[in-house]
Amino acid sequence: MKRRQMTAQRGIVQDGPAGRRIGKRCEGGTRLLGLLGLGLVLMARAAEPSFRPHAAMRPLPLGSVGWTDGFWAQRFELCRTQTVPALDRILSSTNYSHFWRNFEIAAGVAEGPNRGAPFNDGECYKWLEAAVALLAVRPDAALAQRVEEVIENIRAAQAPSGYLHTRIQIRARQGPAQAVPFADRFQFELYNLGHLMTAAAVHYQVTGRTSLLWVAQRAAACLEGVLTNPPPEAVRRPVCPSHFMGLLDLYRATGEERWLALARNCFEVRRTVEDGGDDNQDRLPFDQHAEALGHAVRANYLYAGAADLYLETGERALLTPLLRVWSNIVEKKLYLTGGCGALYDGASPDGARDQDRISRVHQAYGRNYQLPQLTAHCETCANIGWALWNWRMLLATGDIRFADALEQVLYNSILSGLSLDGTNFFYTNPLRVTEPLPLELRWPRTRVPFLGSFCCPPNLARVIAVSPAWAVAVSDRTVWLILYGSNVMRVREAELEELVLRQETEYPWSGRIRLVVEQAPSNALTLRLRIPA
Ligand SMILES: [Zn+2]
């Protein structure tokens with residue numbers, strides 16, 4: 001309610017009519033048990049009733065659930081007290097690379113060259129998302145101030161056109177002018193922009209502030225202008241396409257149909273490309289995808305984006321390839337840990353008659369059942385992409401298989417990327433490590449504070465920070481418990497009635513779970529509990 005009042009003040013249409021019934025009734029959930037006429041009532045208003053009209057269930061806003069004790073509370077607290085501060089030190093320093101410094105140089109308030117990977121801007125946005133998601137559960141004045149500082153840094157770097165990519169901006173200013181926006185997809189512009197949009201949506205939802213939302217909308221408008229016919233390659237077939245999810249987050253934060261249309265248009269442009277390679281999933285048109293191929297982060301982000309778009313459009317042609325590829329992964333290409341993307345390097349399509357069609361793939365899905373243990377790649381970001389995809393498939397279908405897959409990878413091949421002290425990271429997550437290994441591998445086989453490709457650490461931080469939101473979802477008159485862990489969840493309904501549910505458990509060490517209804521609305525409610533596979 002507080003949020004809707006703020007929204008009205010700003011004149012941004014965000015929420016639909018209170019209590020409006022949009023979502024389909026939950027009829028999936030093969031192993032979800034309807035519990036048990038508690039005599040409660042929940043009008044079960046979803047957090048965002050006018051969004052995700054084709055979802056079987058909808059998420060609650062960040063801050064609705066807070067871990068209170070046990071396994072997840074420990075992970076969350078570690079993230080808050082160790083990981084996010086450690087990442088801030090690295091992003092703020094220039095010891096390893098340039099992160100925030102690149103923004104300062106782009107803004108003209110510091111001197112120096114662009115330094116670091118082309119996706120370093122995106123890592124800053126992921127950190128920001130993590131920090132804000134922590135604030136949603138646990139207020140922290142110092143962290144909140146730090147968040148506003150870096151947002152000012154971002155805002156200052158944005159070009160008048162709305163374009164924001166520090167590497168290109170700095171190079172265009174300093175060098176012979178070969179640095180051209182959207183000319184090269186390996187500059188990762190859309191990856192960075194997607195994370196900017198998601199961070200902005202989260203920041204607005206949690207704080208009510210529009211500072212970063214404003215930056216993200218200007219950047220989206222810039223992208224909108226680029227999406228003319230024909231759009232450049234960087235837009236037609238971007239790598240690690242986080243922008244589908246980002247644009248949809250922006251749409252749901254602002255209610256601006258324009259960003260939904262842009263997400264659809266960007267996806268249509270991407271959907272029809274072919275004659276590329278399997279490393280970027282653009283050898284075959286999207287609708288023909290049936291097997292997971294190529295770079296696993298790129299694949300999983302693409303499919304997560306497509307699933308997110310399905311939640312808004314309900315287009316079956318989006319869901320059909322997703323279900324095919326998902327089954328291929330689960331049946332033939334997934335480790336017991338939920339890790340995915342088995343190969344450091346490979347070639348695809350495998351065994352093609354015409355050898356000219358074969359190209360290199362890297363950090364990639366391999367052949368069916370090709371799951372090496374010592375050299376398992378299983379990049380933390382690929383595993384996170386798999387979790388993001390499964391969360392959206394769960395929302396789309398209500399089919400509990402997707403929750404099982406989410407839980408499997410979360411415990412076993414996402415958290416493995418983080419040390420128990422919260423400040424050292426894996427890039428790859430092998431199933432087995434021996435010393436010595438009779439070959440040299442590209443990535444460290446112990447956890448380290450910094451990785452040359454620093455995508456995984458802030459991605460881990462944001463996943464842990466948003467993990468409370470994966471504990472529950474809602475549909476009409478139904479609350480679905482998805483991930484277990486001691487927590488308190490507050491589900492608000494239209495007339496300010498509120499369900500407050502406290503969960504006490506030692507899960508995953510014990511399957512015993514106690515639910516305490518601390519505050520009940522006055523009408524009936526269905527509570528559905530997942531029985532973990
Ligand atoms: Zn990564």
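Given the structure is predicted, the values throughout are model-derived calculations rather than measurements. We count ligands from 1, going down the list as the structure has it; atoms in each ligand are counted the same way.
For the Zn ion (ligand 1), the neighbouring protein N/O/S atoms at less than 2.8 Å, given as residue and atom, are E379 OE2, C381 SG, C455 SG, C456 SG.
No hydrogens or angles considered: a donor-acceptor pair under 3.5 Å links the side chains of D279 and H362. With no hydrogens or angles considered, a side-chain donor-acceptor pair links D421 and S419 at under 3.5 Å.
Aromatic rings from W443 and F426 are positioned such that their centres are separated by 6.0 Å or more.
Residue L336 qualifies as open at atom CG: its count of foreign heavy atoms under 6.0 Å is 12 or below.
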Checklist entry - So W259 and E224, side-chain contact (heavy atoms from CB on, under 4.5 Å) or not? Walk me through it. => result CA-CA 9 Å; W259 308 133; E224 192 178 45; 4.3 Å; yes

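For the salt bridge (charged side-chain N to carboxylate O under 4.0 Å, His left out) condition, the pairs that include at least one residue of residues 235-246, sequence neighbours left out, are E233-R236, E233-R237, R237-D282.
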